[in-house]
Chemist: 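Right, I'll just put the structure down here and ask away after.
Below, chains carry the letters A, B, ... as their sequence lines are ordered, and counting in each starts from 1. Computed over heavy atoms, backbone and side chain alike; hydrogens, waters and symmetry mates excluded.
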Number of protein chains: 2
Amino acid sequence: MSMNNFELYKVFYWAAKSGSLTKAAKTLFLTQPSVSHAIKQLEDSFGVALFSRNSKGVSLTPEGATLYSYIEQSHILIGLAEEKMAELKKLESGELRIGGSDSLFKHFLLPYLEAFHDEYPGIKLQLIHGTTPEIITFLKEGRIDLGVVRMPIVDPQLEVRESIQLQDCFVAGSRYAELKGELLSMEQLLEYPIILFSRNSRARKAVTDLFHNYGFNLKPGIEVGSVDLLIELARKGLGISFITREFVSRELEEGSLFEVKLDVKMPPAQVGIMTLRNIPLTRAASEFLGRIG
Amino acid sequence: MSMNNFELYKVFYWAAKSGSLTKAAKTLFLTQPSVSHAIKQLEDSFGVALFSRNSKGVSLTPEGATLYSYIEQSHILIGLAEEKMAELKKLESGELRIGGSDSLFKHFLLPYLEAFHDEYPGIKLQLIHGTTPEIITFLKEGRIDLGVVRMPIVDPQLEVRESIQLQDCFVAGSRYAELKGELLSMEQLLEYPIILFSRNSRARKAVTDLFHNYGFNLKPGIEVGSVDLLIELARKGLGISFITREFVSRELEEGSLFEVKLDVKMPPAQVGIMTLRNIPLTRAASEFLGRIG
DNA sequence: ATTATTCATAGACATGATCTATAGCTCCTG
DNA sequence: CAGGAGCTATAGATCATGTCTATGAATAAT
């Protein structure tokens with residue numbers, strides 16, 4: 001397994017392709033003797049003549065032609081590889097795989113995704129939704145480039161950047177219009193039917209813990225599995241929904257929902273963007289990260 | 001069209017394949033820092049990370065994996081090319097294309113061809129028959145590696161090696177038994193029916209010219225197109241055949257033909273082996289040439 | 001003949017690949 | 001927890017190898 005210097009094959013390729021050592025030299029920004037020498041090295045290493053030299057240039061011997069048939073392919077592949085890498089660098093191709101929750105995609109990431117896709121239409125976007133632990137697993141398995149979840153994240157393998165803050169709150173529809181403008185205590189709130197996100201949500205755990213710290217037990221009248229339902233049920237007056245305020249900004253503005261204020265301050269939730277520590281980011285991923293950072 | 005140093009791709013290949021710069025270094029008989037540096041060069045040139053470094057070695061980033069898919073192919077092709085060249089050098093493959101006349105193949109070249117094929121069964125033999133001018137054309141067009149014809153050949157583009165001598169003579173069968181042992185003059189010979197090779201043969205021209213120089217006109221009673229027929233007709237007693245003695249050595253020995261001696265010495269004919277001047281020979285061709293030289 | 005090509009060769013030179021030495025990091029082990 | 005055994009990165013010195021210049025030799029065209 002000796003293996004010649006691959007650089008020699010580049011010289012051979014151009015010499016064979018152009019039928020002239022002089023031309024090959026020009027293409028490669030070398031001098032003619034360099035090319036001559038390189039070819040000689042190859043010929044010596046194989047113990048076979050590759051070219052016949054004549055006064056107008058060179059032409060391949062049968063053995064040289066055999067070699068060329070392989071090297072040409074090989075050379076083309078390298079050319080394609082270099083093109084591809086340039087594309088990847090210029091974000092003309094590649095993919096960006098992001099893990100997160102559907103609601104974060106919809107209410108937080110969507111405008112960034114649109115802008116990114118407009119600017120780099122060659123990058124394939126892949127959105128993978130799952131719970132926070134699932135997202136972490138996907139990251140570690142290399143199935144996604146970025147994970148977008150609620151803080152806090154504590155995992156030594158992960159590098160987490162804090163992004164925007166989200167503020168959770170309680171909202172209700174016209175059915176509970178009497179609460180508009182009021183400042184409720186936890187106790188007062190608990191007299192109303194509460195709608196919470198289903199059990200394994202981190203936001204739900206956070207609010208349940210908060211109530212628990214104040215000595216109250218927050219148990220929902222209704223549990224739902226999607227943010228859309230959380231909104232819908234509150235509007236229909238089935239209860240008071242606990243939800244991220246930013247996800248209902250439209251409804252709050254148009255007045256179909258209003259915030260039910262508590263006298264206890266709800267701690268804000270950070271959105272964290274996770275990447276694997278010490279694993280280099282894809283060009284696409286690092287560009288995207290720069291935009292949402 | 002920048003094109004990295006191809007040697008870097010060799011390093012990249014082994015690093016990616018083994019997942020370890022240290023192992024790649026061992027494979028390539030380099031030190032680990034060299035490999036590290038080479039990879040860095042590639043990464044810098046692309047502006048893209050190719051590996052993520054961890055404590056157990058390295059692993060490809062998505063971009064690195066993309067590059068690898070091209071480079072692996074390319075590397076395999078070069079490996080195949082080098083194997084192929086080694087085969088060609090060791091004469092384990094390749095081909096040998098010889099041009100000549102059927103009778104020279106059969107009576108002169110055959111034993112060499114047999115021996116050559118026994119020793120190098122991987123070499124494909126191609127025998128192409130034609131007249132001397134055709135053979136020369138084939139040579140110049142690169143369709144054959146060697147031409148085997150009768151001398152003299154005068155062509156500045158050709159390099160001719162003289163091989164064995166052939167002696168032309170007249171032979172007859174038992175029908176003309178009375179001539180056995182006799183020494184005939186041209187005049188006497190011409191009283192018998194003469195069998196000659198067909199018009200465009202060089203041997204025929206030579207003997208016709210010889211007779212002409214002595215003031216005689218040699219015109220055949222029968223013309224044939226093959227040496228076999230020349231022999232056969234002489235044996236059957238249809239005339240006296242002009243033929244190369246070496247081609248009928250078996251018949252002369254077994255007595256089915258005998259030589260009709262002339263008092264004029266027939267000039268010997270050289271066999272010439274032609275190659276193109278200044279065009280390197282195939283390994284197979286030069287080996288074969290060495291054996292018949 | 002003369003000129004303009006081509007490639008080959010020899011020897012000087014300098015670039016750049018490679019080396020040594022060292023540091024930093026992670027993981028494993030006693 | 002300390003120490004060792006992996007791994008890769010970095011810096012700087014070194015020297016080999018690729019590249020150059022200068023020249024020659026051959027061929028073809030003018």
Chemist: Grab the CD-C1' distance between B:Gln157 and D:dA26 for me, whole Å please.
Modeler: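 Interatomic distance, CD of B:Gln157 to C1' of D:dA26: 15 Å.
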Chemist: Is A:Glu134 paired with A:Arg143 through a side-chain N to carboxylate O contact shorter than 4.0 Å?
Modeler: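 Judged by the 4.0 Å cut-off on N to carboxylate O distance, A:Arg143 and A:Glu134 do not form a salt bridge.
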Chemist: Walk me through it: do A:Gln270 and A:Arg150 pass the test side-chain contact (heavy atoms from CB on, under 4.5 Å)?
Modeler: CA-CA 6 Å; A:Gln270 285 288 350; A:Arg150 274 169 186 259; over 6 Å; no
Chemist: Give the rounded distance in Å between these two atoms: CD of A:Glu43 and P of C:dC7.
Modeler: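 Going from A:Glu43 (CD) to C:dC7 (P), I get 13 Å.
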Chemist: For C:dC7, take OP1 and OP2 only and decide whether either is under 4.0 Å from a side-chain N or O of A:Ser20.
Modeler: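 For A:Ser20, the contact criterion (side-chain N or O under 4.0 Å from OP1 or OP2 of C:dC7) is met.
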Chemist: Rounded to the Å, how far apart are A:Lys10 NZ and D:dT19 C1'?
Modeler: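 It works out to 14 Å between those atoms.
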Chemist: Dump the intermediate steps for side-chain contact (heavy atoms from CB on, under 4.5 Å) on B:Trp14 and B:Val35, then the final yes or no.
Modeler: CA-CA 10 Å; B:Trp14 286 109; B:Val35 173; over 6 Å; no
Chemist: When the ring planes of B:Phe51 and B:Phe12 are compared, do they come out parallel, tilted or perpendicular, using 30° and 60° as the limits?
Modeler: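 Tilted, since the angle between the ring planes falls between 30° and 60°.
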Chemist: Could you work out which one of C:dA8, D:dG18, D:dA28 sits closest to the side chain of A:Ser55?
Modeler: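 Of C:dA8, D:dG18, D:dA28, D:dA28 is nearest to the side chain of A:Ser55.
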Chemist: Indicate whether any N or O donor in one side chain lies under 3.5 Å from an N or O acceptor in the other, for A:Ser59 and A:Ser52.
Modeler: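 The answer is yes; a qualifying pair exists.
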Chemist: Starting at the 5' end of DNA chain D and moving along, which residue's nearest nucleotide shows up first, A:Leu8 or B:Thr22?
Modeler: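 Nearest-nucleotide comparison on DNA chain D picks B:Thr22.
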Chemist: Quick check for you: among D:dA9, C:dC7, D:dC20, whose closest atom lies nearest to any side-chain atom of B:Gln32?
Modeler: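 Given the options D:dA9, C:dC7, D:dC20, the side chain of B:Gln32 is closest to D:dA9.
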Chemist: When rounded to the nearest 0.5 angstrom, what distance separates NZ in A:Lys89 from CZ in B:Phe46?
Modeler: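 One gets 11.0 Å once the value is rounded to the nearest 0.5 Å.
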Chemist: Quick one: is D:dG18 close enough that its OP1 or OP2 comes under 4.0 Å of any side-chain N or O from A:Asn5?
Modeler: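 True: A:Asn5 side-chain N/O within range (under 4.0 Å) of D:dG18 OP1/OP2.
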Chemist: With hydrogens left out and only the distance checked, is there a donor-acceptor pair under 3.5 Å joining B:Glu7's side chain and the base of C:dA17?
Modeler: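 A donor-acceptor contact between them is absent.
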Chemist: Ignoring backbone atoms, establish whether A:Thr31 has a side-chain N or O less than 4.0 Å from OP1 or OP2 of D:dT19.
Modeler: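 Result: no.
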Chemist: Measure from CD1 on B:Ile279 to C1' on C:dC7 and round the result to the nearest Å.
Modeler: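 Between C1' of C:dC7 and CD1 of B:Ile279: 14 Å.
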Chemist: Rounded to the nearest Å, what distance is computed from the CZ atom of residue B:Phe29 to the C1' atom of nucleotide C:dA17?
Modeler: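 Whole-Å distance recorded here is 18 Å.
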Chemist: Quick check for you: among C:dT18, C:dC7, D:dT10, whose closest atom lies nearest to any side-chain atom of A:Leu21?
Modeler: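 The listed nucleotide nearest to A:Leu21's side chain is C:dC7.
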Chemist: Whether B:Gln41 contacts C:dA17 is assessed here as follows: a side-chain N or O lying under 4.0 Å from the phosphate OP1 or OP2. Is that the case?
Modeler: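 Checking B:Gln41 against C:dA17: at least one side-chain N or O falls below 4.0 Å of OP1 or OP2.
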Chemist: Taking for each residue the nucleotide of DNA chain D with the nearest heavy atom, is it B:Gly57 or B:Arg277 whose nucleotide lies nearer the 5' end?
Modeler: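 Its nearest nucleotide lies further toward 5', so the answer is B:Gly57.
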Chemist: If I take atom CD1 in residue B:Ile39 and atom P in nucleotide D:dA9, what distance separates them, rounded to the nearest angstrom?
Modeler: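 So the two atoms are 9 Å apart, to the nearest Å.
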Chemist: The side chain of A:His37 is closest to which nucleotide in this list: D:dA29, D:dT19, D:dT8?
Modeler: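 So the side chain of A:His37 is nearest to D:dT19.
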Chemist: I need the NZ-P distance between B:Lys26 and C:dC19, as an integer number of Å.
Modeler: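 Atom-to-atom, B:Lys26 to C:dC19, this comes out as 14 Å.
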Chemist: Identify whether any heavy atom of A:Val58 sits under 4.0 Å from a base atom; if not, whether one sits that close to sugar-phosphate; answer base, sugar-phosphate or nothing.
Modeler: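 Here A:Val58 touches the backbone only, sparing every base.
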Chemist: Here's a test of your reading of the structure: between B:Pro33 and B:Asn54, which maps to the more 5' nucleotide of DNA chain C?
Modeler: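 With B:Pro33 and B:Asn54 compared, the 5'-side residue is B:Pro33.
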Chemist: Rounded to whole angstrom units, what separation is found between the CZ atom of B:Phe6 and the C1' atom of C:dA17?
Modeler: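 Going from CZ in B:Phe6 over to C1' in C:dA17 covers 18 Å.
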Chemist: When you check the phosphate oxygens OP1 and OP2 of D:dC20, does a side-chain N or O of A:Ser34 lie under 4.0 Å from one of them?
Modeler: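 Answer yes for this pair, as a side-chain N or O of A:Ser34 is under 4.0 Å from OP1 or OP2.
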